[in-house]
Amino acid sequence: MEMVPSEENQFVPKEIHNAAEEPRVLCIIQDITSAKTVNERLTLNLPASTTLAKLYEDVAHKAGYVNGTFDLAWGNTPDMTPLDHNSEMSLSDSEFEPGGKRNFLQLTDKDGEQPQIASDESGTADSSGLDDSSQERFIGPLPRDGSAGCSGDYSSPSYSYSSILNKSDTGYVGLVNQAMTCYLNSLLQTLFMTPEFRNALYNWEFEESEEDPVTSIPYQLQRLFVLLQTSKKRAIETTDVTRSFGWDSSEAWQQHDIQELCRVMFDALEQKWKQTEQADLINQLYQGKLKDYVRCLECGYESWRIDTYLDIPLVIRPFGSSQAYGSVEEALQAFIQPETLDGPNQYFCERCKKKCDARKGLRFLHFPYLLTLQLKRFDFDYTTMHRIKLNDRMTFPEELDMSPFIDVEDEKSPQTESCTDSGAENEGSCHSDQMSNDFSTDDCVDEGICLDSTSSSERMLKPKSLLTFELFSVMVHSGSAAGGHYYACIKSFSDGQWYSFNDQHVSKITQDDIRKTYGGSSGSRGYYSSAFASSTNAYMLIYRLKDPSRNAKCLSVEDFPEHIKKLVQKEKESEEQEKRQREIERNTCKIKLFCMHPVKMMMESKLEVHKDKTLREATEMAYKLMELEGVVPLDCCRLVKYDEFHEYLERSYEGEEDTPMGVLLGGVKSSYMFDLLLETRQPDQVFQPYKPGEVMVKVHVVDLKNETIATPVSVRAYLNQTITEFKQLISQATGLPAETMRVVLERCYNDLRLLYVPNKTLKAEGFFRSNKVFVESSGSTDHQVAFTDSLLWKLLDRHGNTIRLLVLLPEQSPGTLANRTLCQKVGGDSDAAFEGSKGNRKSVETILEESTKKLKNLSLQQQHQGSSASDSQKSSDASDFEHIESPTQEADSNSSLCVAADNRELENRIRATAGSSGGASSDPDNHFACEERSDSEVNNDRSTSSVDSDILSSSHSSDTLCNADSGPIQLANGLDSHSITSSRRSKAHEGKKETWDTAEEDSGTDSEYDDNGKSKAEAQYLYFRAEPCSQDDSFGRDTQKCLVVHVDKRITLAAFKQNLEPYVGVTSTQFKVFRVYANNQEFESVRLNETLSSFSDDNKITIRLGRALKKGEYRVKVYQLLVNEPEPCKFLVDTVFAKGMTVRQSKEELLPQLKEQCKLDLSIDRVRLRKKTWKNPGTVFLDYHVYEEDISISSNWEVFLEVLNEPEKMKSMSQLAVLTRRWSPATMKLGPFQEVILESSSVEELKEKLSEISGIPLENLDFAKGRGTFPCDISVLEIHQDLDWNPKVSTLNVWPLYICDDGAVVFYRDSTEEPMELSEEERNELMKKESSRLLKTGHRVSYSPRKEKALKIYLDGGPAKDPGQD
């Protein structure tokens, strides 16, 4: 949908003052060529006589594009055909509407290529529309689409690019930022723009027989350079290069230092180039030499060594100084400035044999051909203890004369000797290769740029003019020490022009732009000046020696070696193939496709069809995609426009079989607001035309007599039709008389609306695209009662609330499939079927024997009560069930529950599942003999001998329809059904959760019975029907153990369990219901008064035998507490505790269970129960404590069982049980836990007890509270100093101890005991052991911090498999 910004009226021109003036055309153009511009609009107000060619010129001028590199198409029509570039037709003749009407156009790519952005030099940019700041060139960071490597915080508002040129203008290709790989892109572009490096890389030939091309770093760099030089793309990917580094996708999200990458990459290339011509390339180009010396100031003796370097690190600001160096020359001078070693820092002179004042420094002996300077902008602030970035201004020249920094003195004398104990202290940034100690005078390194002299007599310094270097690369960092963005400013040696390489963007820049990278700000702010300076500044500088004899030019394509020419051709073909594929993709419509397959039911796929393919060809493609060959003839299929969400057929395409799909679908789009449906028909049927504007109605015919709802018949209607006209339409489709027809609209879930106003339109009644209605035309008296009191409403209400559940029965269930399906054949042989199954059903009848007599009495009672009920209730009772007079027959039919004799079809999906059920019974009395009865009758199936007569706590049952306190609830109470069901749904979704460890909520478990022993499910009949599982629905298990249950989801869990009793074969108190969630996780459902409203169709339920919880009972998990074991918490059993039970009684019930299940034979006086909080032991429960009175018990409760070595010492709640552990510094070991029972919270008493059990004198005893989760593990290397020993408090229940409950851990030691002296080796060994021990227990090892991820390039294609390797 085309949206015009609300602010657009500011662009609308003023009304024409001169009526005679020519009419004008208002054009609003949306640029959809990139995500950045899609929300922008260009507004042009042109004379109506303007030609289309002039329109293109004006749009190019306004948008800043090169004319001819983009297309314009109408934006509000499905036709995406571009307007003619060269047409001389006027706008008024080209269907543009004048007079202030908006003409919407879209600016699109031309031939799959993005529009070229016009340069300032070309004069096509709209300079008049730009403010002053936008005229200023800048090479700073660009806000990039979706790139995480750059933050908008780092760009200055006063900077912007005046031109972002694509390859056709600059001749250069950018690199795509993978996420945070801007540092890599900057270095790669610099290496590419270095002629000597690029040429050497091209001269290296890859041997595929020797190495995998995927893991070859030089080969992937070679490919990248070839693409950078020959590709027509704006930017190319670097994923192949990073893959050769052995990096995975996570490395793309790690930003590293560009200087660190340079070092690591050079090392990797050196390794890969061994035994090749390029073996010494890095050293030849980038390596220099310097002398690290110390000279005695008394005798002149000098000790030195030669170091090599690949870059020179220059300090921005001296340590402790508030003033930064102003220039690179100043920083270089400081780099070689010697320091004097005096006072305590005096140097021991080998000749003087004493400590003397000395001078220590560095001298440059040789500068590399390519000189790399690193400006050390990242520092550490010892005030804040954070890394900072120094943004101070530091200038650097375009030409750098290094002659002042070379060592011109010939100080080498026979008395000097090489020394290895005076390493260079240039802050770890020099590449140090220590040379041998046996230098002779002939080993002297020439102190000039060239090292080709062989003796001191032949040594001649090269002219200093040869020490002039020209700047050609500035790598810029924008941001802070925490992160930022890199880009490179590089000078081309071919034309001397500077360019900014900012990831995929390449643009021309000037010397002014380079000067902006000096950093700094106007004015002086002292030490914190850099904090207020621009965060965009130079970080690495690369200079090349000006030497005409060595300075090279980059190889042209014509001069490429043969193997590179082959590579160019290979990459060109690959790029052409990619372009062709991209063009196909660009013209391919991708849309969701649905099909109601005659065999496989509803299928879904994605149809990908070229926009020029016709509807007929697309139908054939969809036909094959949906695998309809051999099932339906092709001429019986058609594609129609479809709304899957509303199940709405929008329109068909009659007569448009030869229309291109691009036209029918409204062009190629990333997503469509509609879908397609491949519709099928039988050969003898005719397709119905679907017209736009029609609404679809699914009509279900209701049979009140048989209480069935038929499968839907689809009709199409118009919203402006009246109800009377709509009934006529339905009458034609169904054959039902319109005069007696009742039409019920289901607007949303279970919201039923009777349509009774004849002249009201469908739109006024709330019809939408897709609708569902129920119709009934029996002409019975049911239409005379209020709709919510009618049988029709009850049937529809039941239909809307019934769900289908898959129930897996326990394997040891006494019932069999034969018992459960006896009513599949209802007729004359039913008695024989009952008779023949009695033997098999004996166990069920035994269970129900006690309740047989009571069943008849309750049935008669129910009949008597029913006589006083309302007529509507009588009607419901009569229609839903009949009472059975014979107890024997009743018991038989109860156990079978008449699974399949019911011919009242519930719904289309239920009919499909119940297709194997028997037909309608010919005996009207027998018709309901196998139908589910009221819950009062179901109750007679169960034994009442063990009825729990506790009164129901109804604190959370008020929102259920089965409310025991209110008696039978008549749904025919005049309320709109929506008001009942929707409130229930909303409550059900407000956060009710299944709990599986207890049925407790508030005061206790919901009981299945009231205080008279009556089933609460007697309150109201709710639909329940069960049948055997088909093979498809059987959990993948034996179908004899599965049921498909159709049940009203407003039924309570208690009533649902009672209905399941005959199938399980035991009473509902003897089995448990588990709901099966994703991944086959099972959780017990125990809240008996909650309904099944949280269940939905085809949810799975597992039934397990076992005693269900009664009111006041709690399911409890028992764990054993083993204080001195590596794993102190061990699960034992699940058990049940009851409200009012004492701790001793629970132990008496628990011990036999432990003996049977865990083989633990324990004495009741040698075990204790105590509170469990996560893994922490808490309050000790005394034998006389009562659950719910002294001990709060809750759902999901867990408890510790602790085996005692002696009888329980805890006798009172005023006592305190503390777990203590001795620390022995002399042996570096911790002793076992010992429990100490305190009579009070006195620190003095604790120390006395500890002194008593350890023998440590009271005055020498130190103690500290343990930290963290039990067992409060801590490394023996840290315990001595990390714990808070001997807190200055007199009681335990105050800060910092806060020991207020049992189970606290206290460490103690002898203060006079000295710690063991450990060698470094012993300490490391102990550290490893402690690390292993603490990691096993899940505790943090603080002395082994996790290191930052280092930057690595893996030469074997990937990181080592050793998980312990960093």
Side-chain angles (χ1 to χ4, degrees), residues 2 4-5 8 10-14 16 18 21-34 36-77 79-132 134-135 137 160-170 232 234 507-508 667:
E2 301 298 330
V4 178
E8 70 177 61
Q10 64 184 325
F11 300 120
V12 177
K14 295 179 180 179
I16 301 169
N18 186 355
E21 191 176 341
E22 152 180 29
R24 302 182 75 84
V25 174
L26 177 62
C27 300
I28 297 175
I29 299 123
Q30 179 190 22
D31 185 351
I32 61 171
T33 57
S34 72
K36 186 188 295 184
T37 61
V38 73
N39 292 322
E40 298 175 2
R41 302 290 186 275
L42 300 175
T43 305
L44 295 174
N45 191 29
L46 304 171
S49 59
T50 305
T51 63
L52 289 178
K54 183 68 169 66
L55 172 66
Y56 269 100
E57 289 180 19
D58 290 345
V59 172
H61 186 72
K62 188 83 172 177
Y65 291 141
V66 176
N67 192 12
T69 63
F70 61 88
D71 283 332
L72 293 175
W74 288 105
N76 51 3
T77 65
D79 185 8
M80 293 292 288
T81 306
L83 302 175
D84 188 355
H85 282 258
N86 303 312
S87 173
E88 294 300 321
M89 286 180 62
S90 67
L91 299 184
S92 57
D93 294 336
S94 303
E95 301 182 5
F96 283 75
E97 296 188 25
K101 293 186 178 179
R102 297 167 182 167
N103 296 271
F104 291 100
L105 298 174
Q106 287 186 342
L107 190 154
T108 63
D109 295 339
K110 182 177 175 63
D111 300 327
E113 298 287 341
Q114 285 199 323
Q116 296 179 14
I117 300 174
S119 65
D120 281 347
E121 289 82 351
S122 66
T124 57
D126 184 9
S127 58
S128 62
L130 301 174
D131 57 24
D132 294 334
S134 64
Q135 295 296 314
R137 297 174 183 270
S160 66
Y161 280 95
S162 57
S163 58
I164 304 298
L165 309 182
N166 60 16
K167 190 186 173 190
S168 62
D169 293 306
T170 66
K232 295 179 181 178
R234 177 178 291 187
S507 60
K508 288 182 179 181

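Small disclaimer: the values here were computed from a predicted structure and weren't measured.
In this structure, A48 and V25 approach most closely via the heavy-atom pair CA-CG2, 3.8 Å. Between P82 and A73, the closest heavy-atom pair is CA-CB, 4.3 Å. Here the closest heavy-atom approach between residue I32 and residue Q106 is recorded as CD1-OE1, 3.5 Å. When all heavy atoms are compared, the tightest approach of P98 to P23 is CB-CB, 4.1 Å.
Not a single side chain to side chain donor-acceptor pair (under 3.5 Å) links T50 to another residue, sequence neighbours left out. Residues that satisfy the side chain to side chain donor-acceptor pair (under 3.5 Å) test with S94, not counting sequence neighbours, are absent from this structure.
At least one side-chain heavy atom of L52 sits less than 4.5 Å from a side-chain heavy atom of L91. Two residues are said to be in side-chain contact when any heavy atoms from C-beta on lie closer than 4.5 Å; I117 and V66 fail this criterion. Side-chain contact between T108 and F70 is absent, with no heavy-atom pair separated by less than 4.5 Å. Residues T69 and K110 have side chains not in contact (no heavy-atom distance under 4.5 Å, counting atoms from C-beta outward). Between L42 and D31, every side-chain heavy-atom pair lies at or beyond the 4.5 Å cut-off. P115 is listed as a side-chain neighbour of L107, based on a closest heavy-atom distance under 4.5 Å. Counting heavy atoms from C-beta on, the side chains of L83 and L105 come closer than 4.5 Å.
Listed by first then second residue, pairs satisfying salt bridge (charged side-chain N to carboxylate O under 4.0 Å, His left out) with a partner in residues 46-60 read K54-D58, not counting sequence neighbours.
Of the N and O atoms on the side chains of H61 and N67, not one donor lies less than 3.5 Å from an acceptor on the other residue.
Within the 3.5 Å criterion, the main-chain N or O of E97 finds a donor-acceptor partner in the side chain of N103. A donor-acceptor pair is defined here as one N or O able to donate and one able to accept, closer than 3.5 Å; such a pair exists between the side chain of R24 and the backbone of N45. Using modelled atom types, no side-chain atom of Y56 and backbone atom of D84 make a donor-acceptor pair closer than 3.5 Å.
Expressed to the nearest 0.5 Å, how far OG of S87 lies from CG of L55 amounts to 10.5 Å. Taking CZ of R102 as the start and CZ of R41 as the end, the distance is 11.0 Å to the nearest 0.5 Å.
With respect to K62, the side-chain contact (heavy atoms from CB on, under 4.5 Å) criterion is satisfied by exactly one of I29, L44, T43: L44.
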